[in-house]
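Here's the structure we're looking at; comments come further down.
Residue numbers begin at 1 in each chain, while the letters A, B, ... track the order of the sequences.
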Amino acid sequence: MPGTILENLSGRKLSVLVIILLACQLTCFLVGLIAPSPAKSQPILSTVCVDNHPDADKTNRWFTRQCERTVDLSHEKATVGLDAKNLVFVVQMPLYNADFSRWQQNLVGILQVDMVYQKGRKLDPVVELTLDSRLAFSDKTPDGGSTPWQYFAHAEEKRYMDCSFDENSIAEKEGYPYNCTMVPLFELGSIYHDYYLLNLRLPYNYTLKKNVGLGKIEDIYLHMIHMNGGFTRVWIALKTFFFPIIVGIMIWFWRRVHMLNRTPALLEYMVMALGGTLAFLNLPIDYLSLIFDMPYMLLLSDIRQGIFYAMLLSFWLVFAGEHMLIHDNGEKNNIKQYWKHLSTIVVGCLCLLIFDLSERGIQLINPFFSIWVTPVGTNLALSFIILAGISASMYFIFLCYMIWRVFKNISIKRAILPSMSQARRLHYEGIIYRFNFLMLATVICAAFTIISFILSQVAEGQNKWDENMDLELSSVLHTGVYGMWNVYICAMLMLYAPSHKQWPSDTVCDDGEEVEFSRLPTEATPNEISSLTSFATKASIE
Amino acid sequence: MRTILRKKSFVAVLFSNRSATHNETGSVKNQCRWLKGLKHQNRLCVKRKGLAQLLQETRKLTIESCKYQFQYEQWPCSAVKKFFKKVYRETAFMYSLVTSAFMYLVARGCAEGKLANCKCASHGKSENASKWQWGGCGDNTKFAKTFTNKFFQLKRKGDKPRNILKYNSDVGIQVVVENEERKCKCHGLSGACTMKICWKRLRPFEVIARELRNRYHNAIQVESDNNVHFLEKEDTNQKLVYLENSPNFCPFTAGRRCKNTDNCATLCCGRGFSSSIHTVKETCKCRWRNESLYQVTCQQCDKDETVYTCQ
């Protein structure tokens with residue numbers, strides 16, 4: 001019977017393949033070395049401008065850093081006679097005469113409000129901010145100037161800020177700053193224009209309870225976070241490299257399956273689908289964002305990633321299931337058998353999709369939107385996340401149970417291995433070994449992903465590293481993990497492709513009666529994908 | 001005397017009365033006129049846009065915070081000429097304070113885009129756009145440190161007392177660097193930690209000045225600059241160093257105000273102090289002015305306050 005390449009490959013060839021894959025993996029890591037960190041932030045201190053006509057139409061009135069009159073809020077005398085509505089906090093992005101590049105992909109703004117202690121006035125621990133923010137854009141002109149500012153977005157949004165003040169340890173309290181958390185302000189899914197301008201106002205209204213809890217503001221910083229062009233280049237290069245390879249291997253795989261005189265097995269469909277989602281993930285449509293304004297790129301990449309992970313999780317489930325055969329009624333290779341297990345993935349992914357759509361989807365219309373500021377939104381978001389968490393844990397319970405049963409079946413079979421003939425025993429031992437090998441690879445990949453995630457968090461938090469080292473650990477980990485899953489699925493496609501070698505193997509009867517362990521190469525079971533599966537079938541029957 | 005400083009220094013000029021009366025407006029050349037004796041600093045001041053204003057801010061910030069930090073100390077931050085002839089403890093402090101104030105303001109000026117040619121800090125000298133596209137800009141304090149070194153010529157070798165002063169300036173830089181708070185933020189959907197981004201945030205200058213005042217009290221006397229080389233090896237908690245013993249400030253503290261009985265004992269050098277109760281106006285019952293959020297209106301209340309004065 002034609003088995004998969006995994007079983008028919010000699011140990012030497014397998015090791016050569018493994019070495020090639022490992023080299024590929026290592027290259028992905030090394031590629032990460034040339035990339036800068038994935039994203040960078042830059043703090044920008046806002047300039048406080050005076051708006052003399054606060055009630056006039058603001059749609060096309062923009063204040064830039066070079067506005068007529070600026071005030072320094074730390075000097076109390078400067079604000080005499082001015083109202084809250086007179087003051088405009090101006091942030092021009094980016095700084096230093098630079099201009100944004102479309103390679104920088106997306107832009108996030110985080111606000112830091114520095115308030116100072118004033119005698120006789122203690123802030124609440126949670127301060128509600130009302131932010132009237134307007135964004136404008138401008139583009140470079142060929143002669144080196146820039147186009148006039150044009151309206152981009154406007155919203156009045158609420159944000160919450162936690163502020164603390166350690167009264168006991170600070171001796172001279174007056175003028176000492178509060179320790180406040182930063183608040184996310186906006187998120188742009190694409191940087192299509194060269195310059196952006198933020199005009200921020202903090203309207204005060206006692207009756208509408210707008211900004212009533214604020215203290216004396218000295219400075220407002222905007223931390224602007226953008227992707228690094230260098231990282232995007234490396235990332236897209238990786239995608240462009242892997243995309244044709246994956247597509248090529250998929251074509252090769254499917255050709256081999258069709259050369260056989262049988263309908264493809266479920267696991268073969270699953271491997272193909274997995275390859276397909278990876279190819280979709282690798283599809284370098286990011287190139288288009290360099291030409292067109294695609295603010296939905298963030299959402300799209302979330303969806304692409306979601307589809308890939310959903311498929312990967314389903315694949316593991318079916319992979320484990322096909323080697324254990326949860327069905328005893330003889331009906332095999334049917335995706336319907338797994339509806340219970342797969343529904344956990346579907347429910348989890350749908351929840352995350354709805355959550356994603358209700359945050360990033362709405363951000364397409366209003367970049368200042370955040371789901372967490374209204375109680376309804378918070379509850380909705382939380383319930384979807386909790387639901388997704390429940391389905392994820394149910395999935396893992398299912399998966400662990402299945403893997404445990406596979407290993408139990410294998411150990412039962414192992415017990416009777418000594419009673420087999422020498423050749424047959426070696427054959428089965430080899431299959432078990434390779435199955436374990438692949439299980440091990442999966443576990444290592446999963447473990448590595450988790451470790452690198454933790455490492456990248458820790459590495460960023462480390463203080464010492466960036467002083468003299470320009471090495472970017474987090475980008476190395478990102479490209480490494482990305483390459484790893486590509487390599488993993490390449491390996492799956494190659495090792496689970498049907499072999500054409502007429503390997504002398506055991507025949508298993510379709511109906512699962514008495515199994516003859518003869519080494520006749522003639523009889524092929526059309527529905528079996530590997531002799532391991534058949535072996536497992538036998539084991540479960542016994 | 002072996003430790004006489006002959007050359008004029010930026011710190012001495014900054015603390016001199018002449019610069020305080022300097023006219024702040026006018027052209028850049030005018031704004032930099034107070035530096036006319038200092039070739040290097042004057043050239044930079046004229047050349048770099050925004051630096052002239054920043055230097056005046058440096059002067060203001062330095063003198064204000066020095067006076068504030070030393071209001072209840074024996075040395076009232078009075079910059080007498082002789083402090084710039086030899087290296088006293090006070091000289092060491094003033095050098096470190098000026099350097100740190102300058103670095104602090106450069107970092108701030110860069111963040112506001114006021115100072116020209118701040119450059120992307122992570123890439124040192126490069127000014128071309130492709131570097132910014134490739135790796136973005138690093139934190140401003142890194143650039144501020146480099147620029148401070150350049151402005152104060154800290155990397156240049158000097159004679160022995162100059163090296164001591166440079167060392168003290170280094171302490172100023174180090175204190176600013178130590179007062180960088182590292183802030184991190186998760187970057188992902190709804191702040192999910194798919195990517196974590198960290199940056200530095202400077203604590204207010206008051207914190208830096210207070211730390212330097214503590215180092216003033218813990219300063220150590222050295223014999224020659226050989227000790228400085230020894231000190232530089234251990235880069236944690238550098239101490240201020242000086243060569244000459246400070247003059248006795250005790251004769252000049254009569255009539256000065258002190259904070260409390262403990263403070264009075266040291267400030268008045270054991271001569272005793274008088275206390276009197278004054279009625280002072282104090283802001284109280286502060287509430288929000290109905291129309292503005294940046295201002296609170298307060299009432300003036302009378303409050304009895306004990307005022308201690310040295311005899």
What part of [X] gets within 4.5 angstrom of chain B, counting heavy atoms only: side chain, backbone, both, or neither?
X: A:Ile191; result: neither
X: A:Met115; result: neither
X: A:Ser46; result: backbone
X: A:Gln112; result: side chain
X: A:Ile110; result: side chain

Option from A:Asp219, A:Thr47, A:Ile44 for which side chain to side chain contact (heavy atoms under 4.5 Å, CB included) with B:Glu112 holds: A:Thr47

